[in-house]
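Notes follow once the structure below has been shown.
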Amino acid sequence: MNRHRTALSVLLSAGALVAGVLTAATPSIAADTPTSFRPQQTQGFWTAERMRGATPLDVTAVPGAARTAVAGSAAPTAIAPTAASSAVSPTAFPQAGGAWTGGGAVVKTSGRVFFTMGGRTASCSGNSITSANGSTVMTAGHCVKYQGAWHTNWVFVPAYNNGSAPYGQWSATKTFATDQWAASEDMNMDVGLAVVAPLNGQTLSQAVGAQGVLFNGGYNKKMYSFGFPAAAPYDGTKLVYCSGNSGKDFLLTKDHSLGCNMTGGSSGGPWFQDFNEATGLGTQVSVNSFGYTFLPNRMYGPYLGNEAKAAYDKAQAS
């Protein structure tokens, strides 16, 4: 596929991308702007057929009009992982996009995200992260709220496998976004979180483990990105990864940049530094966010600064 697809313009019809969201001016954050939402849930809504048929969210950027708020500068804040896993075989580095065959903790902590938006079913990716409530998923901001509306029927399916949910479907009781994404969908702050209800008497981290998180960790790191891309040439059935030395976006945002050919549906998947292929554990420092139409095979992910830390604190205290 010639056009790189990742997540900000939603695929509304075959081949149609909406990029107009990138052209709006950045308003100030209104005092009454809600930064969290309690999604409506319909019991039994996400059948295997609906999951397979969910439209992958797809965002692309064009030059000239993104919001460019600078990520806050502060001392790094690290949250250690909560997971255990079996040993795996080494994999290729760098990797522009391939199925993750190693196993390890990342297979359980990563998963697909499904939700309803604008009367349609759609999908993203997400990751279980260590938190005070043991029930927090990190994803992209547009995977919880997009074009001014919060998504409903929001579920996280860790270790998704072609329509099956080996560890169950985890329904969100509340979803969160950075203040800046909730107010104006600022591309620099495309970070979302969800708190999910316990399942079978366990919290999410008890059932599948949870990765560590680092805020204000800096740029230019050896990075691994994971997700469930569902737009061609991928089909959403497998956990895919990219790896390489990351850089910094020099065009429209202050995002991290990584060589990666993942497509729509990978949005919200985790970026790790200090990733250990032998255990599948890493420190999450970003999420898959968007790609430029004129720069194929490159992924961008927001810098987790003070703004993302504030959203994380609200979620883990919920």
Side-chain angles (χ1 to χ4, degrees), residues 6 71-85 87-88 90-98 100 102-111 125-131 136-140 178 188-193 205 209-227 239-250 253-262 266-291 298-309 311-312 316:
T6 38
S73 176
T77 302
I79 293 89
T82 309
S85 65
V88 300
T91 52
F93 184 96
Q95 168 63 262
W100 177 256
V106 69
V107 173
K108 291 184 180 181
T109 64
S110 297
S125 300
N127 183 57
S128 172
I129 56 173
T130 296
S131 61
T136 301
V137 176
M138 182 173 281
T139 186
T178 59
N188 290 279
M189 307 296 169
D190 187 16
V191 180
L193 301 111
S205 63
Q211 300 280 359
V213 192
L214 176 65
F215 299 94
N216 293 300
Y219 289 92
N220 302 314
K221 308 287 185 178
K222 182 177 179 180
M223 205 81 78
Y224 286 73
S225 168
F226 290 83
L239 178 63
V240 173
Y241 85 105
C242 297
S243 62
N245 295 313
S246 66
K248 184 178 179 181
D249 184 12
F250 58 89
T253 70
K254 305 300 182 182
D255 282 18
H256 298 284
S257 168
L258 181 68
C260 185
N261 67 11
M262 280 197 269
S266 64
S267 297
W271 288 39
F272 299 113
Q273 68 176 52
D274 305 322
F275 184 76
N276 187 327
E277 292 182 349
T279 64
L281 288 170
T283 304
Q284 184 164 351
V285 295
S286 187
V287 297
N288 298 324
S289 177
F290 77 98
R298 195 128 198 113
M299 178 82 75
Y300 295 84
Y303 182 85
L304 299 188
N306 296 337
E307 303 85 355
K309 177 63 163 57
Y312 166 79
Q316 71 167 342

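Worth knowing before you read on, the calculation uses all heavy atoms, side chains too, and leaves out hydrogens, waters and symmetry mates.
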Test side-chain hydrogen bond (donor to acceptor under 3.5 Å, both in side chains) on Gln284 and Asn127 and set out the steps.
CA-CA 9 Å; Gln284 184 164 351; Asn127 183 57; 2.8 Å; yes

Short question: side chain of [X], backbone of [Y] - any donor-acceptor pair under 3.5 Å?
{"X": "Ser243", "Y": "Gln95", "value": "yes"}
{"X": "Asn288", "Y": "Ser266", "value": "yes"}
{"X": "Thr178", "Y": "Met189", "value": "yes"}

Go through it in stages, so that I can follow the logic: the residues are Tyr219 and Ser246, the test is side chain to side chain contact (heavy atoms under 4.5 Å, CB included), and I'd like the CA-CA distance, side-chain angles, deciding distance and then a yes or no.
CA-CA 7 Å; Tyr219 289 92; Ser246 66; over 6 Å; no

Give me the ring orientation class for Trp100 and Tyr241: parallel if the planes are under 30° apart, tilted from 30 to 60°, perpendicular past 60°.
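Perpendicular.
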
Find out whether [X] and [Y] are in side-chain contact, i.e. whether some heavy atom of one side chain is under 4.5 Å from a heavy atom of the other.
{"X": "Leu214", "Y": "Asp274", "answer": "no"}
{"X": "Lys221", "Y": "Val285", "answer": "no"}
{"X": "Asn188", "Y": "Tyr303", "answer": "no"}

Ser286: partners by side-chain contact (heavy atoms from CB on, under 4.5 Å), with sequence neighbours left out:
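With sequence neighbours excluded, Ser286 shows a side-chain contact (heavy atoms from CB on, under 4.5 Å) to His256, Trp271, Pro302, given in chain and number order.
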
According to side-chain contact (heavy atoms from CB on, under 4.5 Å), who are the partners of Asn245, at least two apart in sequence or on a separate chain?
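For Asn245, the residues satisfying side-chain contact (heavy atoms from CB on, under 4.5 Å) (neighbours in sequence not counted) are Phe93, Lys222.
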
Ring centre gap for Phe272 and Tyr224 strictly below 6.0 Å:
no

Test Val213 against Thr130 for side chain to side chain contact (heavy atoms under 4.5 Å, CB included), laying out the working first.
CA-CA 7 Å; Val213 192; Thr130 296; 5.7 Å; no

Could you go step by step and tell me if Ile129 and Leu193 meet the side chain to side chain contact (heavy atoms under 4.5 Å, CB included) rule?
CA-CA 10 Å; Ile129 56 173; Leu193 301 111; 3.9 Å; yes

Criterion side chain to side chain contact (heavy atoms under 4.5 Å, CB included) on Lys309 and Asn216, from CA distance to verdict
CA-CA 9 Å; Lys309 177 63 163 57; Asn216 293 300; 5.7 Å; no

Would you compute the distance between atom CE of Met262 and atom OG of Ser225 and round it to the nearest 0.5 angstrom?
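If we round to the nearest 0.5 Å, Met262:CE and Ser225:OG are 3.5 Å apart.
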
Give the minimum heavy-atom separation between Ser257 and Asp249, together with the two atoms involved.
CB-N, 4.2 Å

